[in-house]
Novice: 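Okay, handing you the structure first.
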Amino acid sequence: METQQKQQNTIEADATADTSFLGAAFREIFYSPMNLALLSIICFLVYKIVRDRCEGPGSRDSAQKPAEPQLPKLRRDFTIKELREYDGNQPDGRVLVAVNGNVYDVTKGKRFYGPGGPYATFAGRDASRNLATFSVVPNDKDEYDDLSDLNMMEMDSVRDWEMQFKEKYDFVGKLLRNGEQPTNYDNDSNDEDENIDGGSKKEN
């Protein structure tokens, strides 16, 4: 009987100790502003992880931002003045950029070249000189820039950039020199490479 009483007292003492420990832990967490802040951050992070796993990748972005409509492909040549109209601020939001005599549709890179983007000053303009000189000052020249004053290293830089544009974006047409007549592109023509090569032949 005495042994049972001792065991009962031991169990009660352990329970009291556990309760006391938990109480102290809760007091430490909830009465310390620093610990409370850390607990809030941990709960928030756990919530985000669980929510992202439940929603799946990309579902939240697609719910918040509807996909932009696909624009029809454009195929034509442009004067400097005509190119200015495609800076992303027009209703269809199309963005065109000229590099080394060729015009590219960079609309899918609008976060870079569109309004508010880091390279928005290139939109609707000939960006060749900017890319050669690492400048984001807008090229507001109204005449065709033949780049004849650029040195060899700068022209190499322009050509490197042109290759990147050619790989990533759709070729639209040529940037016309003063008095040059536009090419009559038909829907079945496959002369893109010919026009790109032709527009790239500039002498220093």
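Keep in mind the model is a prediction, meaning the values are calculated, not measured.
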Novice: Show, in sequence, the C-alpha distance, side-chain angles and deciding distance for Val172 and Arg75, and conclude whether the side chain to side chain contact (heavy atoms under 4.5 Å, CB included) test is met.
Specialist: CA-CA 5 Å; Val172 176; Arg75 195 66 190 278; 5.7 Å; no
Novice: Compare every heavy atom of Phe134 with every heavy atom of Ser157, then report the nearest pair and how far apart it is.
Specialist: OG-CZ, 4.2 Å
Novice: Look only at the side chain of Glu167 and the backbone of Gln164, and say whether a donor-acceptor pair between them is shorter than 3.5 Å.
Specialist: no
Novice: Do you reckon Leu175 sits in the same ILVMFWY cluster as Met163, going by side-chain contacts under 4.5 Å, direct or chained?
Specialist: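 Different clusters: Leu175 never reaches Met163 through Ile, Leu, Val, Met, Phe, Trp or Tyr contacts under 4.5 Å.
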Novice: Can you list every salt bridge (Lys or Arg N to Asp or Glu O under 4.0 Å) pair that touches residues 112-125, not counting sequence neighbours?
Specialist: Arg125-Asp140
Novice: So, for Glu154 and Ala132, which heavy atoms are closest and what is the spacing to 0.1 Å?
Specialist: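 For Glu154 versus Ala132, the nearest heavy atoms are O-CB, 3.6 Å.
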Novice: Taking the side chain as everything from C-beta on, heavy atoms only, tell me whether Val97 gets closer than 4.5 Å to Phe165.
Specialist: yes
Novice: Side chain of Thr121, backbone of Val137: donor and acceptor closer than 3.5 Å?
Specialist: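 Between the backbone of Val137 and the side chain of Thr121 there is no qualifying donor-acceptor contact (under 3.5 Å).
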Novice: On a heavy-atom basis, which atom in Tyr113 and which in Ala123 lie closest, and how many Å separate them?
Specialist: O-CB, 3.3 Å
Novice: Can you measure from CG (Asp145) to CD (Glu143) and round to the nearest 0.5 angstrom?
Specialist: 10.0 Å
Novice: Would Ile80 and Leu96 show up in the same hydrophobic cluster when neighbours are defined by side-chain heavy atoms closer than 4.5 Å?
Specialist: yes
Novice: Please report the closest heavy-atom contact between Lys108 and Arg111, naming both atoms and the distance.
Specialist: O-NH1, 4.1 Å
Novice: Is there a path of hydrophobic side-chain contacts, each under 4.5 Å between heavy atoms of I, L, V, M, F, W or Y residues, that connects Leu131 with Tyr169?
Specialist: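 Leu131 and Tyr169: one cluster.
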Novice: Go through it in stages, so that I can follow the logic: the residues are Asp156 and Met153, the test is side chain to side chain contact (heavy atoms under 4.5 Å, CB included), and I'd like the CA-CA distance, side-chain angles, deciding distance and then a yes or no.
Specialist: CA-CA 5 Å; Asp156 285 343; Met153 186 177 297; 5.5 Å; no
Novice: Keeping the roles fixed (side chain from Asn139, backbone from Asp126), state whether a donor-acceptor pair exists under 3.5 Å.
Specialist: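 Side chain of Asn139 to backbone of Asp126: a pair is present.
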Novice: What distance separates Met155 CE from Ser128 OG, expressed to the nearest 0.5 Å?
Specialist: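 If we round to the nearest 0.5 Å, Met155:CE and Ser128:OG are 7.5 Å apart.
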Novice: Assert yes or no for the condition that the ring centre distance of Phe78 to Tyr86 is strictly below 6.0 Å.
Specialist: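 Distance test on ring centres: under 6.0 Å, yes.
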Novice: Is a salt bridge present between Asp170 and Lys73, judged by a nitrogen-to-oxygen distance below 4.0 Å?
Specialist: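 Salt bridge flag = yes for Lys73 with Asp170.
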Novice: Using the rule that two of Ile, Leu, Val, Met, Phe, Trp, Tyr join whenever any of their side-chain heavy atoms come within less than 4.5 Å, decide whether Leu74 and Val103 are in one cluster.
Specialist: yes
Novice: Using the side chain to side chain contact (heavy atoms under 4.5 Å, CB included) rule, take Phe122 and Asn130 through it: C-alpha gap first, then chi angles, then the decisive distance, then the call.
Specialist: CA-CA 8 Å; Phe122 296 175; Asn130 298 80; 3.5 Å; yes
Novice: Return yes if some donor-acceptor pair links the side-chain N/O of Glu180 with the main-chain N/O of Arg177 below 3.5 Å, else return no.
Specialist: yes
Novice: Nearest heavy-atom pair of Gly88 and Val95: which atoms, and what distance?
Specialist: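 Smallest interatomic distance, heavy atoms only, reads CA-CG2, 3.7 Å.
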Novice: Side-chain donor-acceptor pair under 3.5 Å between Asp77 and Thr183, yes or no?
Specialist: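 Side chains of Asp77 and Thr183: pair found under 3.5 Å.
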Novice: Should the pair Phe171 and Tyr104 be assigned to parallel (<30°), tilted (30 to 60°) or perpendicular (>60°) ring geometry?
Specialist: perpendicular
Novice: Ignoring hydrogens, what is the shortest heavy-atom contact between Pro115 and Asn89? Give both atom names and the distance.
Specialist: CG-OD1, 3.3 Å
Novice: For the salt bridge (Lys or Arg N to Asp or Glu O under 4.0 Å) test, which of Arg76, Arg94, Lys166, Lys168 pairs with Asp105?
Specialist: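 Exactly one candidate clears the test, Arg94.
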